Engineer: 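First the structure, which I've put down as structure tokens, then a few questions once you've had a look.
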Amino acid sequence: MFQIGDTLPKLFRSGREDHFAEKLFREYRYLMFSTAMRVTKNAHDAEDIVSESCEKMIKNADEMKKLSGYKLPRYIVSVVRNTAIDYVRKRNRQNGYYFLTDDENSYADVPDDCMNVEADLLHAESITTLKQALAQLDEKEYKILRMKYYLELSDKEIAEKLGIQPASVRMGLSRARKKLKCIMEVEK
């Protein structure tokens, strides 16, 4: 059974951050792993999530120094849980946005066990409709949607790539989504 030790908080207060990652992992590995497993139900994914969470916590070591008692484990659980949720969402998004690739048969990459024949046909029809609607957008609208939903870039990253302000990216996304919705409603 996992027991919370005092080593890590003492390490923070002593200012010895050179062994932070090692101590963090040693003291809380079971807590982090079990938290990640509850969300992902997959040991390999949980290991990746623990690693990514440790990286995040190392970057926020100054904030973690201020935590004492049971606040530190709560913080660790929160970071790991949120990282795991983000990981699952990202994985699900990647499985659902095949329509933004150039490959006409990219929807075929969806696992067979999650679709029956009827659902497969509806999915293929939806992708075709969406691709036709995307083709009707102007180039800038298409780029913004593709960067946001396929490449999963932040508004700031999109703004930097396109040489515009982040507020303009948000406005462009809003307009492009509305236009895409109107086009798809007309095509139904």
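Count residues from 1 along the sequence. All values reported here derive from a predicted model rather than from experimental measurement.
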Engineer: Provide the closest heavy-atom pair for Lys143 versus Leu162 in the form atom of the first, atom of the second, distance.
Structural biologist: CD-CD2, 4.3 Å

Engineer: Could you check if a side-chain atom of Met32 sits within less than 4.5 angstrom of a side-chain atom of Cys54, using non-hydrogen atoms only?
Structural biologist: yes

Engineer: What's the spacing between Met147 CE and Glu157 CD if we round to 0.5 Å?
Structural biologist: 10.5 Å

Engineer: Drop me the distance from Phe33's CZ to Thr40's OG1, to the nearest 0.5 angstrom.
Structural biologist: 7.5 Å

Engineer: Could you walk me through whether Arg89 and Ile85 pass the side chain to side chain contact (heavy atoms under 4.5 Å, CB included) test, one step at a time?
Structural biologist: CA-CA 6 Å; Arg89 284 181 182 157; Ile85 290 168; 3.6 Å; yes

Engineer: Are the side chains of Asp86 and Ile49 in touch, meaning some heavy atoms are under 4.5 Å apart?
Structural biologist: no

Engineer: Decide whether Val88 and Met37 are clustered together by the hydrophobic rule: side chain heavy atoms of Ile, Leu, Val, Met, Phe, Trp, Tyr closer than 4.5 Å, transitively.
Structural biologist: no

Engineer: Could you walk me through whether Leu153 and Lys148 pass the side chain to side chain contact (heavy atoms under 4.5 Å, CB included) check?
Structural biologist: CA-CA 5 Å; Leu153 299 177; Lys148 183 69 173 181; over 6 Å; no

Engineer: Taking atom CD of Glu160 as the centre, report whether more than 12 heavy atoms of other residues, nucleotides or ligands fall under 6.0 Å from it.
Structural biologist: yes

Engineer: Above 12 or not: heavy atoms from other molecules or residues under 6.0 Å from NZ of Lys181?
Structural biologist: no

Engineer: Quick check for you: to the nearest 0.5 Å, what is the distance between Arg29 atom CZ and Glu47 atom CD?
Structural biologist: 12.5 Å

Engineer: Under a 4.5 Å side-chain heavy-atom rule over Ile, Leu, Val, Met, Phe, Trp and Tyr, are Tyr30 and Val39 clustered together?
Structural biologist: no

Engineer: Could you pull out the closest heavy-atom pair between Gly172 and Ile144, with the gap in Å?
Structural biologist: CA-CD1, 4.2 Å

Engineer: Which heavy atom in Met184 sits nearest to a heavy atom in Ala133, and how many Å separate them?
Structural biologist: CG-CB, 3.6 Å

Engineer: Which residues satisfy the side chain to side chain contact (heavy atoms under 4.5 Å, CB included) test with Arg177, sequence neighbours excluded?
Structural biologist: Leu145, Tyr149, Leu173, Ser174

Engineer: Tell me whether Ser78 contacts the main-chain N or O of Arg74 through its side chain, where contact means a donor paired with an acceptor under 3.5 Å.
Structural biologist: no

Engineer: Checking Val77 now: which residues fulfil side chain to side chain contact (heavy atoms under 4.5 Å, CB included) with it, not counting sequence neighbours?
Structural biologist: Leu31, Thr35, Arg81

Engineer: Determine whether Lys71 and Tyr75 make a side-chain contact, defined as any pair of heavy atoms from C-beta on separated by less than 4.5 Å.
Structural biologist: no

Engineer: Return the minimal non-hydrogen interatomic distance between Val80 and Ala36, and the atom names on each side.
Structural biologist: CG1-N, 3.8 Å

Engineer: To check you understand the geometry: which heavy-atom pair defines the closest contact between Val169 and Asp155, and what is its length?
Structural biologist: CG2-O, 3.8 Å

Engineer: Do any N or O atoms from the side chain of Asn60 and from the backbone of Glu63 form a donor-acceptor pair under 3.5 angstrom?
Structural biologist: no

Engineer: So which atom in Leu72 and which in Tyr28 form the shortest heavy-atom distance, rounded to 0.1 Å?
Structural biologist: CD2-OH, 3.6 Å

Engineer: When you measure from the side chain of Ser168 to the backbone of Ile164, do you find a donor-acceptor pair of N or O atoms at a distance under 3.5 Å?
Structural biologist: no

Engineer: Do Leu137 and Ile183 pass the side chain to side chain contact (heavy atoms under 4.5 Å, CB included) test, and can you show the C-alpha distance, the side-chain angles, and the key distance before you say yes or no?
Structural biologist: CA-CA 9 Å; Leu137 296 176; Ile183 293 168; 4.2 Å; yes

Engineer: Answer yes or no: is there an ion pair linking Arg175 with Glu141, defined by an N-O contact shorter than 4.0 Å?
Structural biologist: no

